[in-house]
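Everything numeric in this text was worked out from a predicted model, so none of it was measured. We count ligands from 1, going down the list as the structure has it; atoms in each ligand are counted the same way.
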Amino acid sequence: MAQPGYEAIIIGAGIAGMYQLHRLRELGMRARVFEAGSDVGGTWYWNRYPGARFDSESWSYGYSFSQELLQEWEWPEHFAAQPDTLRYLNHVADKFDLRRDMQFHSRVTAATWDEAATRWTITLESGEEASAPLLITALGPLSAYTLPNIPGRDDFAGPAFHTARWPREGVDLRGKRVGIIGTGATAIQTIQTIAKEVGHLTVFQRTPNWAAPLHNRRITPEEQAQIKASYAEIFERCRQTDTCFIHQADPRRALDVSPEEREAFWEKLYAEPGFGIWVGNFRDVLVDPAANALMTEWAKKKIRERVKDPVTAEKLIPKNHGFGTRRLPLESGYYEVYNQPNVALVDINETPIERITPRGILTSAREHAFDILIYATGFDGVTGPYDRMAITGPGGRSLREDWQGTPRTFLGMLAEGFPNMLMVLGPHTARGNIPRNIEEIVDWLTGLVRYMREHGHRRVEAREDAVEYWARHVEAAASGLLFSQVASWQTGVNRNVAGREEVRRTLGYYGGAVKYRRIAERVAAAGYRELRFA
Ligand code: NA7
C-alpha cells in the first residue's frame with residue numbers, strides 16, 4: 001500500500017541521514033528516513049566485528065552542531081571503539097527524537113522519478129512504496145559489502161561471517177581454528193584483536209597494506225575537561241585541513257631536508273597517535289615518487305623491526321604500492337601478532353586459494369581446516385550502494401548505466417540528469433574525517449532546499465556545463481596524486497564485483513576540503529547559477 005506523501009525521503013539512518021533529518025525538521029518539513037537495519041548507526045550499526053574502531057580522534061568525530069550534545073557526551077577513548085560510537089549515535093537519536101520519522105527494516109530497492117508529478121517514488125524490498133518531491137541519498141560510501149568470489153563459498157560447513165555483518169550477539173572464538181581472508185583496515189583491526197583469544201588463526205593475504213600505530217588510550221578526566229573547553233578550536237582546526245582531520249601536511253618537502261631530519265620526523269610521527277604519519281607527513285610524500293620511495297624504504301624498516309621471522313616480515317611488506325597510496329590502516333600491535341605461535345600468514349600469491357571446502361580453505365599447497373571463517377573482504381566503495389538500487393530518472397534513464405564508467409555529478413551532490421535527487425557524500429565530494437564532510441554537505445543541501453522553498457521552486461537539476469566543469473576539476477585534482485595510480489576501493493576497484501575488477505575511477509574530490517567548501521559556498525552565495533530550477 002502506498003504511504004502518504006512526504007516532502008522528502010532520506011535513504012539511510014547513519015550519521016548522514018540522522019543529521020539530514022534533523023536539519024529538514026528545522027525547516028518544518030515532513031521527512032521520512034528509510035533504513036535497512038533495525039536501528040540507527042549506519043556503518044557503526046553494521047560493522048560490529050571484534051576490534052572495530054575509528055582512526056579519527058573521537059573528539060573530532062562527533063557532530064558539532066549542538067553545544068549541549070558536545071558538553072554532555074564523554075568519549076571514553078581518544079579513538080572510540082564501535083560500541084561507544086553506536087552508543088553515541090543512539091544517544092543522538094534519543095536526544096533529538098529522530099526515530100519518530102524513521103522506518104527500519106526497510107531496504108530501498110528502487111527509486112523512480114515521475115516527471116509529470118515532480119516526485120520520486122521509492123520501493124522497498126517488501127514491495128511497499130513511498131513518494132516525495134525530494135530524494136536524499138545518505139547511503140554511506142562503504143555500505144555495499146562484498147564477499148570474495150571464490151569457488152565453493154557456500155560449501156563451508158561451519159559458520160562464516162563478513163565483518164560488515166558480524167552478529168549482534170558476538171561470536172565465541174575462544175580456542176577455535178579461525179581463517180580470515182583480507183588484510184585491509186578492517187582485517188587488521190580484527191586480526192590484532194582476535195589473535196589473543198582464538199586457538200589458531202590463519203590469515204590469507206593477497207595484498208599487504210602499509211599500516212602504522214594508532215596509539216589509542218583512555219581519555220583522562222583532565223583531558224575530558226580540556227576537550228570540552230576546546231571544541232570551537234578543534235572544529236576550526238578541522239576546517240583548516242584538507243582532510244578535516246586535525247592533521248595537516250607539513251609545509252616542508254622530504255627531499256629538502258637532511259636524511260637525519262627526515263628520519264627524526266618520521267620517528268616522531270610513528271610515535272604519535274592518529275593519521276599524522278599519513279596526512280601530516282612532508283607535503284611531497286603522497287605526490288612525488290622520489291619522496292614516497294624514501295618514506296616507503298623507511299616504513300619497511302619498521303615492519304622488519306617488529307616481525308621476528310624475516311620471511312614473514314617480507315611477506316607483510318607491500319610490493320605494488322608506496323606508503324600512504326592506499327588508505328593507511330592504523331594498528332595496535334598488528335605486526336607483533338605474527339610473532340605468536342598460533343598465527344600463520346598465507347601469501348595467496350604464492351599458494352593461491354583454489355576453493356572453499358566444507359572443512360576450510362584449499363590452496364594450491366594444501367587444505368586448511370577451520371571452525372570459523374571470516375571474510376574481511378571490503379566493500380564496493382562509493383558507487384556500490386547506488387549500483388545496488390534501480391534508480392530511474394526522466395525518460396527511464398538509469399543511474400547504474402550512467403555511472404558504469406565514471407559518475408557525472410555537480411559537487412558530488414547532484415547527479416547529472418537526476419532532478420531532485422540530493423546525495424550526501426556521493427562520489428566527487430571531499431572525504432576524510434567523514435562526519436565533518438557530512439555536516440558540511442548536509443548544511444549545503446539544506447540551504448539549497450530552503451532556497452527552493454523560499455523561491456517556490458519544485459524542481460532542481462545540475463546544468464550540463466556545471467557538471468562538465470566539475471568533472472574536469474575532479475580529474476585535475478586527482479591527477480597529481482600517487483594514490484590515483486593504485487587500485488583500491490578509493491579508486492573504485494573491487495575484484496569481487498563484475499565490471500569493477502580493474503579500471504580505476506576517480507571517486508572523490510581530492511582538491512581538499514578547504515577548496516571544496518570554498519567552491520560550494522561560492523555557488524550558494526551567488527544564487528546557485530550552476531543549477532536549473534523550475
Ligand atoms: P578493504 O580495504 O577493501 O580490504 C579488503 C581486503 O580483502 C583486502 O586485503 C583485499 O585484498 C582482500 N580481498 C578481497 N577480496 C578478496 C579475495 N577474493 N581473495 C583474497 N583477498 C580478498 O576493505 P576494509 O573493510 O578492510 O576497509 C574498508 C574501509 O573501511 C577502510 O578503508 C576504512 O576507511 C574503513 P586486495 O587488496 O584487493 O588484494
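- Below 4.0 Å from some heavy atom of Thr207 lie the following atoms of ligand 1, by number and element: 36 (P), 37 (O), 39 (O).
- Under a 4.0 Å criterion applied to the non-hydrogen atoms of Ala185, ligand 1 contributes the atoms 26 (O), 31 (C).
- Among protein heavy atoms, the minimum distance from atom 30 (O) of ligand 1 is reached at Leu142 CD1, 3.5 Å.
- Using a 4.0 Å heavy-atom cutoff, Gln490 is absent from the residues neighbouring ligand 1.
- The pair Glu57-Arg237 fails the salt-bridge criterion, with no side-chain N (NZ, NE, NH1 or NH2) lying under 4.0 Å from an Asp/Glu carboxylate O.
- Within the set Ile434, Leu328, Thr186, Ile181, the minimum heavy-atom distance to atom 21 (N) of ligand 1 is found for Ile181.
- Within the 4.0 Å heavy-atom criterion, the part of Ile348 lying near ligand 1 is the side chain and not the backbone.
- Near Pro148, meaning under 4.0 Å from any of its heavy atoms, are these atoms of ligand 1: 17 (C), 18 (N).
- The closest side-chain donor-acceptor pair between Arg505 and Thr383 falls under 3.5 angstrom.
- Atom 4 (O) of ligand 1 has Gly184 CA, 3.6 Å as its closest protein atom, hydrogens excluded (heavy atom only).
- Taking every heavy atom of Gly182 and a limit of under 4.0 angstrom, the matching atoms of ligand 1 come to 6 (C), 7 (O), 9 (O), 12 (C).
- Taking only nitrogen or oxygen atoms, main chain and side chain alike, Ala376 reaches within less than 3.5 Å of ligand 1.
- For atom 33 (C) of ligand 1, the closest non-hydrogen atom of the protein is Arg327 NE, 3.2 Å.
- The cationic atom of Arg48 (NZ for Lys, CZ for Arg) lies less than 6.0 Å from the six-membered ring centre of Tyr45 and within 45° of the ring axis.
- Residues Asp443 and Tyr19 bring a donor and an acceptor atom of their side chains to less than 3.5 Å of each other.
- Remark: minimum distance from atom 32 (O) of ligand 1 to any protein heavy atom is reached at Trp489 NE1, 2.8 Å.
- Cation-pi contact between Arg165 and Trp46: present, with separation from the ring centre below 6.0 Å and deviation from the ring axis of at most 45°.
- The shortest N or O to N or O distance between Asn496 and ligand 1 is below 3.5 Å.
- Residue-level proximity to ligand 1 for Thr183 is carried by backbone and side chain together, each with a heavy atom below 4.0 angstrom.
- Among protein heavy atoms, the minimum distance from atom 16 (C) of ligand 1 is reached at Arg206 NH2, 3.5 Å.
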